[in-house]
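My questions will all concern the structure given below.
Here the structure is a predicted model, which is why all the values come from computation and not from measurement.
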Amino acid sequence: KEDMRFLGLMTGNGWIKQRDSEVGICFRKGSEDLVLLNYISKRYGVVFKPQRGKGKNVATFTCYSAILKNVFLDFWSGYDYTAKTKTFPDAVLSFPDDLKMAFIEGLWETDGSHKGKSMYTSSSYALICKMKRLLATLNIPNGLQFRAKHDNDKAKVLHSSDSWQIVVPHKFRPITRQCGESSSRYIFKRIFKVEKIASDFVYDISVEGNKSYVTSSFAAHNSGAGSL
């Protein structure tokens with residue numbers, strides 16, 4: 001679990017350099033994960049040295065390790081040394097639940113929060129999509145919000161970059177009702193109740209291509225094809 005948490009921390013706040021074997025990571029000062037860094041140092045035989053951070057509440061550490069660099073090049077498949085290209089392999093989706101949660105908690109420690117609802121923000125759309133799938137395998141409902149860098153008139157900067165935000169119940173509370181079976185690609189929900197209601201108007205939309213569309217939490221299909 002310590003290794004998976006470290007992978008989550010690195011995926012959120014870590015980096016590797018293209019020109020050499022430098023591996024770096026940022027922590028919030030006072031973070032309990034500084035102890036985890038000592039564990040990783042001993043496990044891989046590296047020495048993380050403190051560097052000048054970018055802020056007074058940030059602790060930055062770097063080391064030089066070809067082994068660790070290759071670990072993350074494999075883990076972040078398609079990574080081109082920018083935060084927008086970070087993701088993680090499909091294999092994580094089939095890991096035991098405790099290892100999945102260790103990775104999620106490490107990731108949430110970097111750009112996440114637990115104020116009210118739990119939220120995680122990233123500029124990597126690939127990472128966000130994979131995270132939604134990972135949360136679904138744990139029966140944790142999740143929604144998605146887009147956060148534009150500029151306002152509609154592009155006159156005001158709202159955020160440092162375009163990003164996406166996952167919203168989940170506080171402290172990753174899973175669904176305990178209506179849970180069915182899951183596979184690596186789908187979550188099958190058990191029908192809990194069927195109830196007839198009064199007739200009313202309903203609306204359908206048409207989508208070009210495969211006729212499917214995505215809401216904040218689910219993929220849906222045009223009702224003309226048999227499902228809504």
- request: Just jot down the side chain to side chain donor-acceptor pair (under 3.5 Å) partners of K130, sequence neighbours excluded, or say none.
  value: D90

- request: Given side chain to side chain contact (heavy atoms under 4.5 Å, CB included), test S122 with W164 step by step and report yes or no.
  value: CA-CA 6 Å; S122 175; W164 291 264; over 6 Å; no

query: Does L73 CG have over 12 foreign heavy atoms under 6.0 Å away?
result: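 Counting other residues, nucleotides and ligands, CG of L73 exceeds 12 neighbours.
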
query: Are F146 and Y125 connected, step by step, through hydrophobic side chains (Ile, Leu, Val, Met, Phe, Trp, Tyr) whose heavy atoms are closer than 4.5 Å?
result: yes

- request: Indicate, with yes or no, if the rings of F103 and F95 have centres closer together than 6.0 Å.
  value: no

message: If the condition is salt bridge (Lys or Arg N to Asp or Glu O under 4.0 Å), which residues does K17 pass it with, not counting sequence neighbours?
response: E22

From K84 atom NZ to S124 atom OG, the distance as rounded to the nearest 0.5 Å: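 OG of S124 is found 10.0 Å from NZ of K84.
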
- request: Check for a donor-acceptor pair, side chain of D111 on one end and backbone N or O of E109 on the other, with a separation under 3.5 Å.
  value: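 Here the side-chain-to-backbone pair does not exist.
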
- request: Taking all heavy atoms of T62 and all of G24, pick out the closest pair and write down the distance.
  value: CG2-CA, 4.0 Å

- prompt: Rounded to the nearest 0.5 Å, how far does CD1 of I166 lie from CG of L127?
  reply: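 Going from CG on L127 over to CD1 on I166, the span is 7.5 Å.
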
field: Separation between CE of M4 and CG of L107, rounded to the nearest 0.5 Å
entry: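 Those atoms lie 10.5 Å apart.
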
message: If hydrophobic clusters are built from ILVMFWY residues whose side chains come within less than 4.5 Å, do L37 and Y39 share one?
response: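 Same cluster.
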
- prompt: Do Y81 and W15 belong to the same hydrophobic cluster, where Ile, Leu, Val, Met, Phe, Trp and Tyr are linked whenever their side-chain heavy atoms lie under 4.5 Å apart, directly or via other members?
  reply: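 Cluster IDs for Y81 and W15 match.
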
query: Heavy atoms, side chains only, cut-off 4.5 Å: are F48 and N38 in contact?
result: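 Not in contact.
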
- prompt: Tell me, which pairs form a salt bridge (charged side-chain N to carboxylate O under 4.0 Å, His left out) where one or both residues lie in residues 34-48, sequence neighbours left out?
  reply: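 Qualifying pairs, neighbours excluded: D3-R43.
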
message: Minimum heavy-atom separation for V167 and M119, please, with both atom names.
response: CG2-CG, 3.9 Å

task: Would you give the length of the straight line joining atom OG of S123 to atom CD1 of I128, rounded to the nearest 0.5 angstrom?
output: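 The distance works out to 9.0 Å.
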
query: Is any side-chain heavy atom of F75 less than 4.5 Å from a side-chain heavy atom of T87?
result: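 No, too far: nothing below the 4.5 Å cut-off.
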
field: Parallel, tilted or perpendicular, as decided by the 30° and 60° cut-offs, for the rings of F61 and F27
entry: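 If you compare the ring of F27 with that of F61, the planes turn out perpendicular.
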
task: With rounding to the nearest 0.5 Å, note down the distance linking CZ in F72 to CZ in F6.
output: 4.5 Å

message: Could you go through K1 and D98, starting from their C-alpha distance and side-chain angles, then the distance that decides it, and tell me whether this counts as side chain to side chain contact (heavy atoms under 4.5 Å, CB included)?
response: CA-CA 7 Å; K1 288 196 288 186; D98 60 336; 4.0 Å; yes

message: For the residue pair W76 / T11, report whether a side-chain donor-acceptor contact shorter than 3.5 Å exists.
response: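 Judged by distance alone, the side chains do pair up.
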
Derivation and outcome, salt bridge (Lys or Arg N to Asp or Glu O under 4.0 Å), residues R5 and D33: CA-CA 9 Å; R5 183 175 178 88; D33 288 311; 2.6 Å; yes

message: Please determine whether side chain to side chain contact (heavy atoms under 4.5 Å, CB included) holds for the pair L135 and K132, giving the CA-CA distance in whole Å, both sets of side-chain angles, and the decisive distance to 0.1 Å.
response: CA-CA 5 Å; L135 291 163; K132 284 180 65 64; 5.5 Å; no

Minimum side-chain heavy-atom gap V58-C26 below 4.5 Å: yes

query: With a 4.5 Å heavy-atom cut-off, do S118 and S113 have their side chains touching?
result: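 The answer is no; the side chains never approach within 4.5 Å.
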
Nearest non-hydrogen partners of T110 and G12, listed with the distance: OG1-CA, 3.4 Å

- prompt: How far apart are the closest heavy atoms of L9 and L36, and which atoms are they?
  reply: CD1-CD2, 3.6 Å

Q51 CD to I25 CD1 distance, which is reported to the nearest 0.5 Å: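 The CD1 atom of I25 is 13.5 Å from CD of Q51, to the nearest 0.5 Å.
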
task: Decide side chain to side chain contact (heavy atoms under 4.5 Å, CB included) for Y79 and K86; before the verdict, give the C-alpha distance in whole Å, the side-chain angles of both, and the deciding distance to 0.1 Å.
output: CA-CA 6 Å; Y79 178 65; K86 282 184 178 178; 3.8 Å; yes

- prompt: What heavy-atom pair brings S163 and T121 nearest, and what distance separates the two atoms?
  reply: OG-CG2, 3.6 Å

message: Any side-chain to backbone donor/acceptor pair from K100 onto L138? Under 3.5 Å, distance only.
response: no

- request: Would you name the heavy atoms of G78 and T85 that are closest together and state the gap between them?
  value: O-CB, 3.9 Å

